[in-house]
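Before any comments, here is the structure.
For the numbers below, each heavy atom of this structure counts, side chains included, while hydrogens, waters and symmetry mates do not. None of these values were measured; they are calculated from a predicted model.
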Amino acid sequence: MDKIYLPLPPNFSLKSTIFSHGWADLEPFKRHVDPLQIDYILEIPSGQVHHLHISSPNDLQLEIKTEHQVNDKAGEQILKIVKRMFRLDEDYTEFYLLARQSPEFSWITKYNAGRLLRCGSLWEDMVKMLCTTNCTWRLTQIMVENLVKKLGKAEEFKKGNKSMRAFPNPGNVAVCDENFLRQEIKMGYRAPYLLGFSQAITEGKLNLADFENDNISTPDLYKQLRSIKGFGDYAVSNLLKILGRYDYLGADSWSRKKFAEKHLDGKSCDDSIIASNYQKYGKWSGLFFWMDVSEDWYQRELPFGKSQEPNPKSQINPNTE
DNA sequence: GCGTCCAGGTCTACC
DNA sequence: GGTAGACCTGGACGC
């Protein structure tokens with residue numbers, strides 16, 4: 001067992017980040033409520049697969065335990081990825097300032113909410129987002145579980161049926177038969193989209209690092225992501241949130257319903273009405289929308305206890321079923 | 001237990 | 001540019 005530590009920024013809450021949306025409910029994440037900890041099976045760029053146990057023993061540090069000792073290079077790679085997952089380098093100063101100034105959002109500072117959990121890679125975030133489109137959360141879980149179990153690399157030092165597996169990399173998926181993805185992974189009609197996406201990456205036609213470039217404007221990034229088959233407005237708007245850009249709403253059936261219940265006595269409305277409600281928050285409007293519709297998760301006495309676990313519906317969508 | 005219907009987001013063909 | 005229909009599955013519902 002090896003331990004690595006990461007310093008935490010102010011306004012960080014492990015609990016609020018883990019339960020910020022549905023990702024922690026999907027493999028290869030595994031969350032534990034008491035004591036609070038999240039496990040993740042990570043394949044680092046060098047190809048090693050590590051079982052990480054992540055917790056925060058205090059307000060100042062994130063503790064990452066690995067099942068086995070890691071060398072310096074592997075340790076650096078793990079730290080870089082975990083930083084990305086928990087958005088430790090993202091600046092939320094303006095977001096918290098706006099939250100403090102808005103009586104309806106002052107609760108955000110109380111819970112240090114706002115950081116949306118990410119996966120170990122943008123590839124994994126994007127595939128999971130694709131798996132949330134046009135289906136129930138249960139089906140999303142099935143698709144992701146199949147991808148991990150049938151295509152993911154087994155945990156290092158523990159190869160065999162009982163070992164846990166990392167999320168498959170693009171190369172693992174690109175060599176699959178479309179029918180296998182359709183029937184065995186249960187991707188259904190999404191299978192050709194996933195296959196095309198993974199092959200574009202392995203063939204060098206698509207470089208996901210380009211999407212993490214701060215120099216691209218958000219509308220341009222939206223256009224680029226929308227050009228990938230299978231990623232429509234909902235998926236791309238929420239991927240932009242994953243990329244730290246919160247300009248777009250990314251509403252889906254669950255969040256529209258939630259907004260209607262909260263603000264319009266249950267009467268549905270056009271997305272433009274919803275957007276106008278958060279316009280004053282500028283580039284943070286999409287995040288304030290998400291905070292607004294997910295507020296009740298934080299307000300519960302035991303917001304994320306075993307008896308009241310979020311039951312995510314889409315990307316980021318608990319409580320639909 | 002079985003059959004039917006519906007919800008969910010995106011793409012494509014058509015107007 | 002807007003719209004209808006197809007895509008696929010799990011789950012709810014009725015019998």
Task: Closest nucleotide among dG8(B), dC7(C), dT10(B) to the C135(A) side chain - done: dG8(B)

Task: Interatomic distance, R138(A) CZ vs dT9(C) C1' [rounded to whole Å] - done: 12 Å

TODO: For DNA chain B, determine which residues of residues 222-232 of chain A have any heavy atom closer than 4.0 angstrom to one of its atoms, and list them numerically.
DONE: R226(A), I228(A), K229(A), G230(A), F231(A), G232(A)

TODO: Take the protein atom OH of Y189(A) and the nucleotide atom P of dT10(B), then report the distance between them rounded to whole Å.
DONE: 8 Å

TODO: Measure from CG on D233(A) to C1' on dT10(B) and round the result to the nearest Å.
DONE: 11 Å

Open item on the list: Do I228(A) and V236(A) make a side-chain contact, defined as non-hydrogen atoms from C-beta onward lying under 4.5 Å apart?
Closed with: no

Open item on the list: Using the rule side-chain contact (heavy atoms from CB on, under 4.5 Å), only one of L42(A), V173(A), V127(A), L151(A) pairs with F167(A); which is it?
Closed with: V127(A)

TODO: Could you grab the distance from atom CD1 of I64(A) to atom CD1 of I38(A), nearest 0.5 Å is fine?
DONE: 12.5 Å

Open item on the list: Rounding to an integer number of Å, can you tell me how far K186(A) NZ sits from dC8(C) C1'?
Closed with: 10 Å

Open item on the list: Using whole Å, what does the distance between atom C1' of nucleotide dT9(C) and atom CH2 of W137(A) come to?
Closed with: 16 Å

Open item on the list: Let me confirm one number: the CE-CG distance from M187(A) to N146(A), rounded to the nearest 0.5 Å.
Closed with: 10.0 Å

Task: Side-chain N or O of S253(A) closer than 4.0 Å to phosphate OP1/OP2 of dA7(B) - done: no

Open item on the list: Which label fits Y193(A) and Y189(A): parallel for a plane angle under 30°, tilted from 30 to 60°, or perpendicular past 60°?
Closed with: perpendicular

Task: Selected nucleotide, minimal atom distance to L139(A) side chain, candidates dC7(C), dG10(C), dT10(B) - done: dG10(C)

TODO: Let me know the distance between CD of E145(A) and P of dG10(C), rounded to the nearest Å.
DONE: 12 Å

Open item on the list: If you only use heavy atoms from C-beta on, which nucleotide in dC8(C), dG9(B), dT9(C) is closest to the side chain of R182(A)?
Closed with: dC8(C)

Task: Any side-chain heavy-atom pair of F86(A) and L14(A) under 4.5 Å - done: yes

Open item on the list: Check this for me: does the side-chain of Y193(A) come within 3.5 Å of the base of dG9(B) through a donor and an acceptor?
Closed with: no

- [ ] Establish, yes or no, whether a centroid distance under 6.0 Å links the rings of F19(A) and W297(A).
- [x] no

Task: Interatomic distance, R190(A) CZ vs dG8(B) P [rounded to whole Å] - done: 14 Å

- [ ] Let me know the distance between CD of Q183(A) and P of dG10(C), rounded to the nearest Å.
- [x] 13 Å

Task: Close approaches to DNA chain B from residues 264-279 of chain A, in residue order (heavy atom, under 4.0 Å) - done: none

Open item on the list: I need the single residue from F288(A), F289(A), Y246(A) that forms a ring-ring contact (aromatic ring centres under 6.0 Å, His included) with Y281(A). Which is it?
Closed with: F288(A)

Open item on the list: According to side-chain hydrogen bond (donor to acceptor under 3.5 Å, both in side chains), who are the partners of Q279(A), at least two apart in sequence or on a separate chain?
Closed with: none

